[in-house]
**Q** 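Quick one: the structure is below, questions incoming.
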Amino acid sequence: MEYEAVIGLETHVQLKTRSKMWCGCPNQFGAPPNTNVCPVCLGLPGVLPVANEEALRLTALTGMLLNCTIAPRAKFDRKNYFYPDMPKNYQVTQYDLPSTSGGYVDFEFQGRIARVRLTRAHLEEDVGKSFHFERSSGVDFNRAGVPLLEIVSEPDITSADMAYEYLNALKDILVYGGVSDCDMEKGMVRCDVNVSVRPKGSSQLGAKIEIKNMNSFSGVRRALEYEIPRQIEVLRAGGRLHQSTRRWDDLAGVTEEMRSKEHAHDYRYFPEPDLMPFEPSQAWLAEVASRVVELPLARKQRFMRDYQLPPADAQTFVWDVPLGNYFESVARHARNPKAVANWVINNLRAKLAETQTGLPDLKFPPTAILELIELVDSGKISTKIAQEVFAEMFASGDSPAAIVDRKGLAQVSDTAAIEAFCDQAIAANPGPVADYKAGKAAALNFLKGQVMKLSKGKANPALAGQILERKLKP
Amino acid sequence: MRMLNRLTISELVTRLASREVSSRAATQACLDQIERLDGRLHAFISLDADHALAQADAADRALALGATHARQPLLGVPIGIKDVIAVKGQPLNCASKILGRYVSPYNATVINKLQAAGAVVFGRLNMDEFAMGSSTENSAFGVTRNPWDLSRIPGGSSGGSGAAVVADECIAALGSDTGGSIRQPAALCGCVGLKPSYGRVSRYGLVAYASSLDQIGCFSKDVRDAAILLEILSGVDPADSTSVPQPVPHYAASLTGDVKGLRLGLAKEYMVGGLDAEIKAAIDAAVAQFEKLGARVTEVSLPHTDYAIATYYIIATAEASANLARFDGIRYGLRVEGADPIELYSKTRGAGFGPEVKRRIILGTYVLSSGYYDAYYLRAQKVRTLIRRDFLKAFEQVDAILTPTTPTAAFKIGEKADDPLQMYLSDIFTISANLAGICGISVPCGFTREPKLPLGLQLLGKPFGEETILRLAHAYEQSTPWHKEKPPLAALAG
């Protein structure tokens with residue numbers, strides 16, 4: 001029998017706020033342990049939470065970016081469980097009235113656009129981080145109370161690779177939208193994976209197995225590459241799977257059971273009495289909506305469609321947004337946007353990197369690139385010379401035409417002058433001349449190169465070719 | 001001159017302002033009274049006399065430099081603090097063993113407000129552990145005794161605050177009220193106890209028992225002092241999302257003595273059998289007194305009264321089960337080591353919490369459990385809404401509701417200690433106000449004959465209607481002799 005996997009992901013993302021969720025402590029990675037703490041995030045007796053409004057805004061913004069419905073009324077709840085890294089032994093989260101629900105993520109997968117639907121994205125607080133030493137353990141509460149968004153997908157994912165691509169697409173969207181830096185190294189994204197298998201075509205779901213606390217996308221992929229065949233093997237061997245929670249051992253490359261359903265937590269959710277329900281006004285939502293940006297996939301598709309760019313070029317402008325915006329400002333007026341893309345990607349980007357400068361430092365106006373392209377298209381200068389003109393234009397900010405005039409770089413199309421160069425080249429290279437005459441066509445290119453060299457690159461190459469051919473005709 | 005510790009806030013302030021007396025002398029008078037009585041009364045868990053006197057000296061210096069009570073209404077006035085409110089640098093035990101030698105690193109908002117007003121903030125007043133109880137017998141530091149009869153309880157949970165004010169160990173005190181924990185001990189000890197409307201006073205720095213019911217309030221020797229304190233304590237606090245941005249009136253201005261035409265309601269559901277005959281007589285007399293003062297008394301109905309106690313013990317314990325989860329031995333307070341975190345929690349909490357606290361945590365855990373949530377917690381929230389509606393509807397007809405504060409006078413220590421349900425019934429008249437979020441005040445309204453024990457009447461007002469109940473309570477108090485009576489403290493000393 002053939003089996004298929006059904007996968008859903010719960011992705012936890014730290015929001016990019018200056019301060020923590022309930023207090024004014026910095027939301028900052030890498031400080032010495034327990035230095036970004038105060039009575040509130042330590043859960044000392046008597047403290048109360050005050051919701052960070054920017055975290056609420058970023059949550060709504062995420063909802064807008066992920067096509068979710070933004071709740072007219074959201075509230076916070078307490079999720080009760082004991083753990084040493086939990087200052088209050090309850091986590092403030094959103095249970096039955098989350099800030100956003102529904103939505104989806106579209107992404108490129110195996111040459112098509114795949115869609116994973118979302119159940120919800122809700123706001124909660126991060127917990128501290130445990131450290132285990134030789135004889136004791138410690139907890140760093142710097143992370144406790146950092147705003148955390150939990151994005152829950154529907155079980156629309158069917159393979160380890162698809163899970164991997166979904167996560168990357170989600171990350172791109174969140175980084176793009178300024179919602180989170182999604183720095184995996186700093187633990188800003190963590191994942192719980194729900195996976196079950198069933199006979200292919202069945203509409204019934206198998207026993208749900210959760211793999212907890214994955215902290216890299218490649219780890220998720222590897223864990224699924226291990227877990228899916230494991231589950232199928234159990235079923236093939238006539239065994240049964242039961243609902244349970246497993247842990248991924250990254251070194252051993254295996255998952256192992258942590259607890260079964262009988263030992264599942266009863267979190268005893270109830271409404272957080274210390275916080276009022278949140279009802280965003282239209283004006284508040286409009287302000288958040290003004291921060292919505294074009295999503296990576298939409299941008300890529302638009303660049304391919306509107307400017308007829310190949311996927312690789314479009315992708316470059318997705319990854320480098322300012323460069324893409326600059327390209328657009330020029331390409332909008334260009335007859336040949338692909339030529340603009342070539343200049344921007346191959347020349348401009350390289351020059352910026354080489355000089356360690358940015359687009360705002362550019363000395364020439366965007367229209368200069370159009371002028372340069374025009375000089376090449378009209379045969380005024382060769383592509384090779386254009387490189388030199390670009391370098392000069394980048395350095396001085398002078399217009400391409402001015403540079404060409406000043407340096408006398410205009411292409412020589414004067415037949416008499418080129419004939420003279422051709423005669424010189426033929427006289428100086430009897431070998432290649434003999435080769436050409438003997439039927440080796442490639443020798444002509446060598447001679448053409450010699451003409452270009454003698455003319456310091458200014459000879460019109462096409463003209464030079466014609467003249468050489470004529471002169472060498474038997 | 002009368003002993004300074006016996007003065008009210010307004011009396012002491014007059015003398016401090018005229019520089020007739022010093023804050024040091026007044027504070028020292030309180031400390032001396034504590035020295036004389038508290039060995040037997042046990043209203044205080046601990047006391048930092050040096051800290052108190054240093055604040056008094058600072059107040060005296062400020063007065064010498066021209067500071068005024070117009071700007072700092074409590075300048076130099078010693079105020080005792082219930083052991084559930086955080087004071088920076090002072091122990092915070094909540095009358096529990098579980099906090100060990102914990103010292104608060106920060107001030108509650110009300111403490112900042114009192115100190116900004118110039119008060120001498122001192123002492124850790126005894127209470128039922130984590131404010132759970134009606135007799136102060138649940139303190140891990142020993143019971144507080146009623147100043148009128150040492151064999152009796154002072155009420156609770158703020159029993160230490162009530163006893164200390166009545167025994168003149170401080171000028172006034174702060175307490176907290178989750179189901180009657182200010183009004184009940186005020187009634188049983190014989191002083192004024194005010195529970196403000198939910199959201200009137202910031203809860204930041206009040207160790208939470210039941211977050212949606214808790215409110216800080218005050219104990220005082222008369223109604224005017226309650227008005228003075230409320231004005232200082234009140235106001236929205238950015239650190240407490242449940243505090244309400246409602247303007248703070250000059251409460252003392254509402255004490256006009258004129259209650260003509262004000263409408264007082266008697267809840268027919270509160271006047272049923274089981275009420276102590278002496279209390280009934282005292283309430284009847286108080287009703288007659290209000291009528292004499294020109295108030296109009298009518299009957300109102302609060303149909304869901306019977307459900308209040310059950311509702312309270314579901315909501316309060318549910319919230320408490322989460323609020324008290326942080327006391328786990330990991331970061332502060334008592335720790336009993338274990339082989340793993342679970343064993344450490346279990347041993348620490350087993351050793352650190354008293355029986356009543358454990359009972360309520362277990363009850364609260366139960367009502368929130370999967371499969372029981374809808375039947376208990378959710379239903380209790382619905383009933384709570386009905387109870388609140390009862391009151392809001394009644395307040396369309398009347399300006400305040402008059403009830404006894406307690407069903408009986410102070411009972412004997414140990415009398416109800418083994419019967420939690422009887423103990424829970426002590427709060428039958430006070431508990432609804434917390435569920436409804438309304439304000440309430442208890443004022444002395446007489447005494448039982450033999451033994452002589454104080455009785456209290458309660459006035460309940462609409463949300464943020466403190467001015468009205470203060471006006472009524474003040475007019476009643478000023479036309480009756482009860483608040484002037486003092487317990488036989490001379491017999492207590494030595």
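Below, chain A is the first sequence line, B the second, and so on; all start at residue 1.
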**Q** By a 4.5 Å heavy-atom criterion (distance strictly below it), what part of B/Ile85 contacts chain A: side chain, backbone, both, or neither?
**A** neither
**Q** Which pair of heavy atoms, one from A/Pro84 and one from A/Val139, lies closest together, and at what distance?
**A**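 Heavy atoms only, the tightest pair is O-CG2, 3.8 Å.
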**Q** Chain B and chain A: which donor-acceptor pairs fall below 3.5 Å?
**A**
{"from": "B/Tyr106", "atom 1": "OH", "to": "A/Pro45", "atom 2": "O", "distance (Å)": "2.7"}
{"from": "B/Tyr106", "atom 1": "OH", "to": "A/Val47", "atom 2": "N", "distance (Å)": "3.3"}
{"from": "B/Arg203", "atom 1": "NH1", "to": "A/Asp274", "atom 2": "OD1", "distance (Å)": "3.3"}
{"from": "B/Arg203", "atom 1": "NH2", "to": "A/Asp274", "atom 2": "OD1", "distance (Å)": "2.9"}
{"from": "B/Gly205", "atom 1": "N", "to": "A/Gly46", "atom 2": "O", "distance (Å)": "2.7"}
{"from": "B/Ser241", "atom 1": "OG", "to": "A/Pro49", "atom 2": "O", "distance (Å)": "3.2"}
{"from": "B/Asn323", "atom 1": "OD1", "to": "A/Arg78", "atom 2": "NH1", "distance (Å)": "2.8"}
{"from": "B/Asn323", "atom 1": "OD1", "to": "A/Arg78", "atom 2": "NH2", "distance (Å)": "3.2"}
{"from": "B/Ala325", "atom 1": "O", "to": "A/Asn89", "atom 2": "ND2", "distance (Å)": "2.8"}
{"from": "B/Arg326", "atom 1": "NH1", "to": "A/Gly43", "atom 2": "O", "distance (Å)": "3.2"}
{"from": "B/Arg326", "atom 1": "NH1", "to": "A/Leu44", "atom 2": "O", "distance (Å)": "3.3"}
{"from": "B/Arg326", "atom 1": "NH2", "to": "A/Tyr90", "atom 2": "OH", "distance (Å)": "3.2"}
{"from": "B/Asp328", "atom 1": "OD2", "to": "A/Asn89", "atom 2": "ND2", "distance (Å)": "2.8"}
{"from": "B/Arg331", "atom 1": "NH1", "to": "A/Leu42", "atom 2": "O", "distance (Å)": "3.0"}
{"from": "B/Arg331", "atom 1": "NH1", "to": "A/Pro87", "atom 2": "O", "distance (Å)": "2.6"}
{"from": "B/Arg331", "atom 1": "NH2", "to": "A/Pro87", "atom 2": "O", "distance (Å)": "2.8"}
{"from": "B/Tyr332", "atom 1": "OH", "to": "A/Gly43", "atom 2": "O", "distance (Å)": "3.1"}
{"from": "B/Tyr345", "atom 1": "OH", "to": "A/Tyr83", "atom 2": "N", "distance (Å)": "3.4"}
{"from": "B/Ser370", "atom 1": "N", "to": "A/Asp266", "atom 2": "OD2", "distance (Å)": "2.7"}

**Q** Could you grab the distance from atom CG of B/Asp128 to atom SG of B/Cys94, nearest 0.5 Å is fine?
**A**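 If I round to the nearest 0.5 Å, the distance is 12.0 Å.
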**Q** What's the spacing between B/Ile98 CD1 and B/Leu334 CG if we round to 0.5 Å?
**A**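 Reported value, rounded in 0.5 Å steps: 6.0 Å.
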**Q** Sort out for me which of B/Leu206, B/Ile330, B/Leu324 touches chain A most, counting heavy-atom pairs under 4.5 Å.
**A**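 Most heavy-atom pairs under 4.5 Å with chain A: B/Leu206.
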**Q** Nearest 0.5 Å, please: how far is CD1 in B/Ile431 from OH in B/Tyr313?
**A**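 If we round to the nearest 0.5 Å, B/Tyr313:OH and B/Ile431:CD1 are 5.0 Å apart.
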**Q** Given heavy-atom pairs under 4.5 angstrom as the criterion, report whether the side chain, backbone, both or neither of A/Pro39 touches chain B.
**A** side chain
**Q** Of the backbone (N, CA, C, O) and the side chain (C-beta and beyond), which part of B/Ala210 lies under 4.5 Å from a heavy atom of chain A, both, or neither?
**A** neither
**Q** Which answer fits B/Ala322, side chain, backbone, both or neither, if we ask what part of it has an atom under 4.5 Å from a heavy atom of chain A?
**A** both
**Q** Are the side chains of A/Leu205 and A/Val6 in touch, meaning some heavy atoms are under 4.5 Å apart?
**A**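 Heavy-atom side-chain distance check passes, below 4.5 Å.
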**Q** Once rounded to the nearest 0.5 Å, what's the spacing between atom CD1 of B/Ile79 and atom CG of B/Leu125?
**A** 11.0 Å
**Q** Heavy atoms, side chains only, cut-off 4.5 Å: are B/Met132 and B/Phe353 in contact?
**A**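 Contact flag for B/Met132/B/Phe353 side chains = no.
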**Q** Once the angle between the rings of B/Phe130 and B/Phe327 is folded into 0 to 90°, is it parallel (under 30°), tilted (30 to 60°) or perpendicular (over 60°)?
**A** tilted
